[in-house]
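Small disclaimer: the values here were computed from a predicted structure and weren't measured. All residue numbers refer to positions in the sequence shown, counting from 1.
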Amino acid sequence: MNAAELLDAALGGSVRAAGRLLSLAEGPRRAEVLAAVAAVTDAGVSAPRVVGVTGPPGAGKSTTVAALVGPYRARGLRVAVLAVDPSSPFSGGALLGDRIRMAEHAADPGVLIRSLAARGHVGGLAAAVPAAVGVLAALGYDLVLVETVGVGQSEIEVAAVADPVVVVVAPGAGDAVQAAKAGLLEVADLLVVNKADRAGAEQTARDLRAETGGQVLSLVASRGEGVPDLVEAIEAHRRADTEERRAARARAQLLSLAQSRLQEHPELARLAGEVADGRRDLDDAIGLLLGGLDGQVTTGNGPGIPARTRRPASRPR
């Protein structure tokens, strides 16, 4: 089936077709998928909101994401979860841990759970995540929760798309220090100390407040404690959005996508070798690389999120 046929099937309720569309959006057929999505755009409905959830391994990100799904479903919103799998470019479904933690939502037709590989994408996550969100917009999802493991470039790429970015840490084990070293505090809009019933939780919260000067929330996601406060903080962040912040996110997304495309430039290795050998000036090499992007620039909605997309006429709530 081509992308347009898959989109029609997905709009008709086929979960398999939706999964296939998302897989295509990650790879070389992304442009075909985005063209199919663009064909159903309309000026009537806003694009879905995107909330990023990240943090050090073991902090309870998946449990936090699962805990957030329920309150938003109770509001009648359709929710998609994109779990970024850092381990393999060949993962076709959610990570085992995510499957277990999301099991309570698996039978809900208003919830879609999908993994994205952190490696192996055409254009990197900087292109793959907006493309996936574009597909989800066309399928009528209202909220997209993007979960990443806070250990690398993925967070910077996802932060360019998500607003807010929620950074989850656990008490002790140096999570606050680890988050700072990994640069997570720089992308954090909201800070959460999960497993707040454990020893050291209050000290971790104090350390984070001292480091950032911002609000730090406490959470026991496995029991749902503190989840209403987190939802309210996410909503308050959305209400406080400004044109300046939207422009900053767009700028970050453009820069992140440009970096990803430069990294896969066919002449990068050759030019790097020439610079290393002293055969080419660095400024000259940069000019050639940037000039080589001209033919790759996509106009219109491109790999980004369609600004407004028509929802299906009927959809499960």
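Using a 4.5 Å heavy-atom cutoff, the side chains of Val192 and Thr64 are not in contact. Two residues are said to be in side-chain contact when any heavy atoms from C-beta on lie closer than 4.5 Å; Leu230 and Leu219 meet this criterion. The shortest side-chain heavy-atom distance between Asp197 and Arg223 falls under the 4.5 Å cut-off. With a 4.5 Å cut-off on side-chain heavy atoms, Leu262 and Leu290 count as touching. Here the side chains of Val165 and Asp163 are not in contact, with every heavy-atom distance at 4.5 Å or above. Taking the side chain as every heavy atom from C-beta outward, Asp142 and Val79 never approach each other to under 4.5 Å. A 4.5 Å side-chain heavy-atom check between Thr212 and Leu191 finds at least one atom pair inside the cut-off. Counting heavy atoms from C-beta on, the side chains of Val168 and Val53 come closer than 4.5 Å.
Arg280 pairs in a salt bridge (Lys or Arg N to Asp or Glu O under 4.0 Å) with only one of the listed residues (Asp284, Asp277, Asp283), which is Asp284. The only option from Val161, Val144, Val50 that meets the side-chain contact (heavy atoms from CB on, under 4.5 Å) definition with Val129 turns out to be Val161.
Applying the 6.0 Å contact sphere to CZ of Arg16 captures no more than 12 heavy atoms from other residues, nucleotides or ligands. Other residues, nucleotides and ligands contribute more than 12 heavy atoms inside 6.0 Å of the CD atom of Glu225.
Summarising the geometry of Pro228 relative to Gly224, their closest heavy-atom pair is CD-O, 3.9 Å, with the distance given to 0.1 Å. The shortest heavy-atom contact between Ala199 and Pro171 is O-CB, 3.6 Å. Counting all heavy atoms, side chain and backbone alike, Ala132 lies closest to Leu82 at CB-CD1, 3.9 Å. Contact between Glu5 and Met1 at its shortest, heavy atoms only, is OE1-CA, 3.3 Å. Closest of all the heavy-atom pairs between Ala221 and Asn194 is N-OD1, 3.0 Å. Annotation for Ala10 and Ala17: closest pair N-CB, 3.7 Å, computed over non-hydrogen atoms.
Using modelled atom types and a 3.5 Å distance limit, the side chains of Ser222 and Thr63 yield no donor-acceptor pair. Counted by atom type alone, Glu147 and Thr54 present zero donor-acceptor pairs between their side chains at under 3.5 Å. Between the side chains of Ser23 and Arg114, at least one donor-acceptor pair of N or O atoms lies under 3.5 Å.
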Practice prompt. Evaluate the side chain to side chain contact (heavy atoms under 4.5 Å, CB included) criterion for residues Arg20 and Leu22: first the C-alpha distance (whole Å), next the side-chain angles of each, then the deciding distance (0.1 Å), finally the verdict.
Written response: CA-CA 5 Å; Arg20 180 61 180 154; Leu22 289 168; over 6 Å; no
Item to complete: Assess whether side chain to side chain contact (heavy atoms under 4.5 Å, CB included) is satisfied between Leu68 and Leu145, documenting all intermediate values.
Response: CA-CA 9 Å; Leu68 286 172; Leu145 299 170; 4.2 Å; yes
Fill in: Criterion side chain to side chain contact (heavy atoms under 4.5 Å, CB included) on Gln203 and Asp207, from CA distance to verdict
CA-CA 6 Å; Gln203 183 61 50; Asp207 291 344; 2.8 Å; yes
Item to complete: Show the numbers, then the answer: is there a salt bridge (charged side-chain N to carboxylate O under 4.0 Å, His left out) between Glu235 and Arg49?
Response: CA-CA 11 Å; Glu235 293 303 299; Arg49 295 170 49 202; 2.9 Å; yes
Worksheet item: Where do Val167 and Leu190 land on the side chain to side chain contact (heavy atoms under 4.5 Å, CB included) test, with the steps shown first?
Response: CA-CA 6 Å; Val167 172; Leu190 298 172; over 6 Å; no
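Using a cutoff of 4.0 Å between basic side-chain nitrogens and carboxylate oxygens, Arg206 and Glu211 are not scored as salt-bridged. At a threshold of 4.0 Å, the pair Arg30-Glu26 does not count as salt-bridged, since none of the basic side-chain nitrogens sits closer than that to a carboxylate oxygen.
Follow the hydrophobic side-chain contacts under 4.5 Å out from Leu21 and you never reach Val15; the two are in separate clusters. Note: the hydrophobic cluster containing Leu217 does not contain Val220 (ILVMFWY, side chain heavy atoms under 4.5 Å, direct or indirect links).
Panel note: side chain Lys61, backbone Pro56; a donor-acceptor pair is recorded below 3.5 Å.
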